[in-house]
Amino acid sequence: MEVTDLLVLRDYQRECVDAVYRHLREHDDNPCAVVPTAGGKTPIMATICKDAVGQWNGRVLILAHVKELLEQSADKLRAVCPEVEFGIYSAGLKRRDTRNPVIVAGIQSVYKRACELDAFDLVLVDEAHLIPLEGEGMYRQFLADAKVINPDLRIVGFTATPFRLKTGPICTPEGFLNDICYEVGVRELIVGGYLCPLITKAGINKADFGGLHVRGGEFVADEMEALMDDDRLVEAACGEIVGYMRDRRGVLIFASGVTHGEHIVRVLKERHGVECGFVTGETPIKERDAILSRFRAGDLKFLCNVNVLTTGFDAPHIDCVALVRPTMSPGLYYQMVGRGFRLHPGKENCLVLDFGGNVLRHGPVDDIKVTTMDRGSGQAPAKECPECQAVIAAGFAACPQCGYVFPPPERQKHDAKASEAGILKGQVTTTQYRVDDVYYSVHTKRGASDDAPKTMRVDYKVGWHQYKSEWICFEHEGYARQKAVAWWRRHSPDSVPDTAERAVEIAEGGGVAATLGITVRTVTGDEFERITDYELGPLPEPVASDPYCGYDPDEIPF
């Protein structure tokens, strides 16, 4: 087999290449292609380079921001187009080539050297979401200079996250990138067998991040670290991580800060006898490379980092990602989780342990939507009602679904459990709970008129200040009433009541079976959990006084 046979494009990669060419032919602006992390952007760019040089006699620059991405691009270029002469311009890689038809460059090394590199016909930007929409950043400075050298320069962006938290979509009419020409989703590639499935485990995250302030679109760093660096939280989180890692190969841990990361590493070593590598932005390059090499080789099973390994880090064996930090950035959330997307022999899935409430905050990783631009208001975009589990806008003082009044934020309250919210849209999680107590009440929907149908609300206490609730609709019609009838027949020998008030009266009088346990089904992307099964005690004796006790009203013969 020839080396070029190793890089036959997948169907969606070929579609992406064709979409880029079509856009460049039919439009006079600059397109962006959206391909998920680990979906193979580099082979796509290598193919475009091969065609641009071989068929159109053009000159191409590939821009990236970390040396790992430069190395990946160089490797793929060698494989897909060995006949093309390419160079590398990167201080970190100790190369400063300037005359080749294809140059792979680090933006930090070239942003002031557009003239030195001379004219290009095409610039391909990896991780294109890093191009700011305004200001004088390195990308903007270089691209502006490059367009002066060649006014006909075309720019193509590649990213997995085509948005920035503060400014929204990265493609705008006035920006360097103007339109998305191709997009393929995470779910599509998982179903196609190109990405590793993701799952979430463990209990429900009760951390209260409401006391954190937001600056520049992200939680204030020292506040975030102080919240997460609690001794009890760190120790419990480390214990949970170690417990889940018994049958897994490699865990990548994202800490909230350097002190927090050092705390995690120390607890793993002292309490669990586990060696955990640790890298930050201040780690010397040689030391960092040695740690990453050990992790990739399997010599290190645990690796903790602070704001370093979110992009460009390729370790396909990672089968657990622990988010021991919150983030307001959907892009950062996606990039952290994306470290587990890559396929690897023997890797069935990647477990995501979310200790930062990120899945709840941003939604499923394959359905992230940026609908508003947060400019540091201090408010998270959503919160969860503890009574009915509705996910609602943060500005509500009371839940519009059930009327629960939110107390003022109390920053100290948090739990060491990882969130069990599904990481992929449509993912089903089923959890069984023991029930400590049950409460029945008549519920009127908030804002409803006095004559509107009422429901019987049932609250199951399943832990310390933890409840699961459901609403039984005796006064409604159609399917809601049918469900209420089925619920009642399973729980009580009495006739099905016509009103919520009568149902509560019978239930509180001992007319329903004791609930010993419940099964809760959660579908990621849906607003509410659903109770799907019950473990009940024996049915009680009927307590209703009418002579047709035990009969359904529809069955009474007059």
Side-chain angles (χ1 to χ4, degrees), residues 202-206 384-390 399 401-404 415 417 420 428-445 453-523 526-556:
I204 296 175
N205 189 329
K206 291 298 180 184
E384 179 181 5
C385 174
E387 292 291 339
C388 68
Q389 286 73 54
C399 177
Q401 301 291 339
C402 70
Y404 172 80
D415 197 293
K417 291 287 188 179
E420 66 180 0
V428 177
T429 303
T430 302
T431 309
Q432 294 180 329
Y433 296 92
R434 300 301 303 172
V435 173
D436 299 325
D437 209 343
V438 185
Y439 305 92
Y440 303 92
S441 62
V442 177
H443 175 73
T444 302
K445 188 173 181 180
K454 298 176 175 59
T455 61
M456 180 177 75
R457 173 173 170 165
V458 188
D459 297 305
Y460 302 95
K461 185 177 181 181
V462 296
W464 176 250
H465 288 310
Q466 186 178 355
Y467 297 86
K468 300 294 179 183
S469 305
E470 62 180 342
W471 288 259
I472 314 302
C473 305
F474 296 103
E475 299 181 21
H476 291 66
E477 299 178 351
Y479 181 63
R481 169 68 183 181
Q482 294 174 19
K483 288 180 63 179
V485 169
W487 187 96
W488 189 263
R489 286 175 175 167
R490 182 169 182 180
H491 288 74
S492 175
D494 280 280
S495 57
V496 181
D498 286 329
T499 66
E501 184 177 0
R502 178 58 178 156
V504 171
E505 180 184 349
I506 297 174
E508 290 185 335
V512 298
T515 304
L516 308 177
I518 57 174
T519 300
V520 178
R521 183 176 186 266
T522 304
V523 180
D526 290 355
E527 281 193 282
F528 301 104
E529 298 174 325
R530 186 161 64 90
I531 298 173
T532 58
D533 202 3
Y534 310 86
E535 181 185 350
L536 301 176
L539 288 176
E541 293 296 321
V543 298
S545 57
D546 76 68
Y548 293 102
C549 172
Y551 291 89
D552 186 88
D554 295 334
E555 297 173 350
I556 298 176

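These values consider heavy atoms only, across backbone and side chains, with no hydrogens, waters or symmetry-generated copies.
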Quick one: does E470's side chain have a donor or acceptor within less than 3.5 Å of a partner on V458's backbone? no
Quick one: does W488's side chain have a donor or acceptor within less than 3.5 Å of a partner on D494's backbone? yes
Which heavy atom in L539 sits nearest to a heavy atom in R490, and how many Å separate them? CD2-O, 3.7 Å
What closest approach, in Å, do R481 and F474 show between heavy atoms, and which atom pair accounts for it? NH1-O, 2.9 Å
Please report the shortest heavy-atom distance between G517 and V435, naming the atom on each side. CA-CG2, 3.8 Å
Closest heavy-atom contact between T455 and C473? CG2-SG, 3.8 Å
When rounded to the nearest 0.5 Å, the distance separating NZ of K468 from OG1 of T431 is 7.5 Å
Nearest 0.5 Å please: distance from the NZ atom of K461 over to the OG atom of S469. 13.0 Å
Show your working on side-chain contact (heavy atoms from CB on, under 4.5 Å) between R434 and L516 and close with a plain yes or no. CA-CA 6 Å; R434 300 301 303 172; L516 308 177; 3.9 Å; yes
Please check if the side chain of R457 supplies one atom and the backbone of V442 the other of a donor-acceptor pair under 3.5 Å. no
Can you tell me how the ring of Y534 sits relative to the ring of Y460, calling it parallel under 30°, perpendicular over 60° and tilted otherwise? tilted
Roughly how far, to the nearest 0.5 Å, is the CD1 atom of I518 from the CG atom of L536? 11.0 Å
Separation between NE2 of H443 and NZ of K454, rounded to the nearest 0.5 Å: 11.0 Å
My understanding is that only residues two or more places apart in sequence, or in another chain, count here; which of them pass side-chain contact (heavy atoms from CB on, under 4.5 Å) with T519? T430, Q432, T532, D533
Applying ring pair (Phe, Tyr, Trp, His ring centres under 6.0 Å), can you list everything that pairs with H476, at least two apart in sequence or on another chain? none
Let me have the donor-acceptor pairs involving side chains of residues 504-514, under 3.5 Å, with sequence neighbours excluded, atom names and distances please.
residue: E505; atom: OE1; partner: R502; partner atom: NH1; Å: 3.4
residue: E505; atom: OE2; partner: R502; partner atom: NH1; Å: 3.2

